[in-house]
Amino acid sequence: MSSRLVGVGVGPGDPELVTVKGVNALREADVVVVPVMDTGERGRAEATVLHYVPEEKVVRVVFALNERSDRARREAAWDAAGERVAELLRGHGAVAFATIGDPNVYSTFTYLAQTIAELVPGTVVETVPGITAMQDLAARSGAVLTEGTEPLTLVPVTAGSTVLKEALAGPGTVVAYKFGRQAHEVAEALRETGRIGDAVWGSALGLTEESIRPAAELDGTPLPYLSTLISPARRDGGRGGKL
């Protein structure tokens with residue numbers, strides 16, 4: 001029988017936001033892989049998983065999660081991680097990989113699945129969707145993501161401030177991921193485009209160190225890497241004005 005690799009979205013950090021299907025997938029898997037950085041500290045995915053499965057079922061695999069400048073180091077880390085997961089798949093029928101947010105939205109799981117397709121041909125790859133940081137921030141802050149015909153643009157600020165400015169110049173809501181280290185540039189882009197008034201940012205959602213603040217308070221101080229920003233669309237037409 002073919003082995004199964006299941007990418008499970010475990011949400012942005014609050015263990016109560018893992019779906020029932022996600023919990024079932026974690027519990028039904030023979031082993032649950034969680035990504036960790038080479039520094040070894042426990043990440044959000046691992047902390048969330050441990051609310052639902054025993055520690056002895058969890059396998060920590062090192063990924064170069066934040067490596068962008070050294071491609072050779074990043075590729076070597078991906079290869080090593082792929083080999084480790086391939087080894088687990090050869091010995092087990094079902095391996096789950098836990099990822100924060102959703103496995104199909106800016107997730108390490110994408111690269112892992114591509115690697116496994118080459119290393120263990122015939123492996124069945126599945127995903128279980130997870131609640132994203134933008135959904136959680138919208139719920140906690142009261143920011144409405146979309147109305148009527150409005151578009152929604154999701155931008156990783158690691159792509160550069162120019163991409164963010166282009167999105168902010170458009171008509172819809174803009175969500176920025178991973179903007180903590182570029183908080184100053186993001187605040188400038190919001191002010192230049194007149195979009196800072198209703199914007200809100202958040203980090204560590206659902207955790208004890210949670211912070212949710214108006215973007216107008218951004219003062220250039222670096223924020224946690226995984227900070228999320230929502231800049232709602234301009235809405236001047238009253239209720240149903242965008243229908």
Side-chain angles (χ1 to χ4, degrees), residues 1-66 77-78 81-113 115-116 120 123-140 177-178 202-212 224-228:
M1 293 179 63
S2 299
S3 296
R4 291 171 58 245
L5 175 64
V6 185
V8 182
V10 296
D14 183 346
E16 292 187 345
L17 292 182
V18 185
T19 66
V20 173
K21 187 169 185 176
V23 171
N24 288 339
L26 294 173
R27 290 175 172 168
E28 290 168 3
D30 298 310
V31 294
V32 178
V33 172
V34 293
V36 296
M37 293 189 290
D38 53 12
T39 51
E41 70 261 27
R42 177 170 291 168
R44 291 189 195 178
E46 181 178 6
T48 303
V49 164
L50 290 175
H51 280 80
Y52 297 106
V53 300
E55 190 168 1
E56 57 268 23
K57 187 175 178 176
V58 176
V59 176
R60 310 175 90 228
V61 176
V62 174
F63 285 79
L65 296 172
N66 292 338
W78 283 348
E83 289 287 356
R84 179 70 179 106
V85 175
E87 177 185 341
L88 292 170
L89 283 164
R90 295 183 186 109
H92 300 279
V95 173
F97 179 90
T99 179
I100 59 172
D102 184 277
N104 292 305
V105 180
Y106 299 131
S107 171
T108 304
F109 181 74
T110 301
Y111 314 122
L112 176 64
T115 304
I116 291 301
V120 192
T123 298
V124 176
V125 177
E126 302 172 356
T127 58
V128 177
I131 292 173
T132 62
M134 65 177 171
Q135 292 170 289
D136 196 12
L137 178 57
R140 293 176 188 276
Y177 272 4
K178 305 176 183 178
S203 64
L205 302 173
L207 305 177
T208 55
E209 63 272 29
E210 174 183 279
S211 180
I212 299 175
Y225 174 70
L226 290 177
S227 296
T228 297

Inspect the contact between Arg84 and Glu87 and indicate whether a charged nitrogen and a carboxylate oxygen are less than 4.0 angstrom apart.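 A salt bridge links Glu87 with Arg84.
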
Could you give me the CA-CA distance, side-chain angles and deciding distance for Ile212 and Leu205, then say whether side-chain contact (heavy atoms from CB on, under 4.5 Å) is met? CA-CA 8 Å; Ile212 299 175; Leu205 302 173; 3.9 Å; yes

Assess whether side-chain contact (heavy atoms from CB on, under 4.5 Å) is satisfied between Asp14 and Ile131, documenting all intermediate values. CA-CA 10 Å; Asp14 183 346; Ile131 292 173; over 6 Å; no

Write out all pairs satisfying ring-ring contact (aromatic ring centres under 6.0 Å, His included) with one or both partners inside residues 84-103, taking only residues at least two apart or from two chains.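 Output for this query lists Phe63-Phe97, Phe97-Phe109.
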
Taking [X] for its side chain and [Y] for its backbone only, find out whether a donor-acceptor pair lies under 3.5 Å.
X	Y	result
Tyr111	Gly82	no
Ser227	Pro224	yes
Asp30	Val95	no

Measure the [atom1]-[atom2] distance between [X] and [Y] for me, rounded to the nearest 0.5 Å.
X	Y	atom1	atom2	value
Thr48	Leu207	OG1	CG	7.5 Å
Leu5	Thr127	CG	OG1	10.0 Å
Lys178	Leu226	NZ	CG	7.5 Å

Is there a side-chain contact (heavy atoms from CB on, under 4.5 Å) between Glu210 and Asp136 once you walk through the steps? CA-CA 12 Å; Glu210 174 183 279; Asp136 196 12; 5.8 Å; no

Can I get a per-line list of side-chain donor-acceptor pairs under 3.5 Å for residues 15-28, giving both atom names and the distance, sequence neighbours left out?
{"from": "Thr19", "atom 1": "OG1", "to": "Gly22", "atom 2": "N", "distance (Å)": "2.9"}
{"from": "Asn24", "atom 1": "ND2", "to": "Val20", "atom 2": "O", "distance (Å)": "3.4"}
{"from": "Arg27", "atom 1": "NE", "to": "Tyr52", "atom 2": "O", "distance (Å)": "3.2"}

Might you point out which heavy atoms bring [X] and [Y] nearest each other, and give the distance in Å?
X	Y	result
Ala45	Val10	CA-CG2, 4.1 Å
Val124	Glu126	CG1-OE2, 3.8 Å
Gly7	Pro103	O-CG, 3.6 Å
Ala113	Val125	CB-CG1, 4.1 Å
Ala86	Val120	CB-CG2, 3.5 Å
Ala133	Thr228	CB-OG1, 3.6 Å

Any side-chain heavy atom of Val34 within less than 4.5 Å of one from Leu50?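 They are not in contact (no side-chain heavy atoms under 4.5 Å apart), so the answer is no.
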
Is there a side-chain contact (heavy atoms from CB on, under 4.5 Å) between Thr108 and Thr99? Walk through the geometry before answering. CA-CA 7 Å; Thr108 304; Thr99 179; 5.6 Å; no

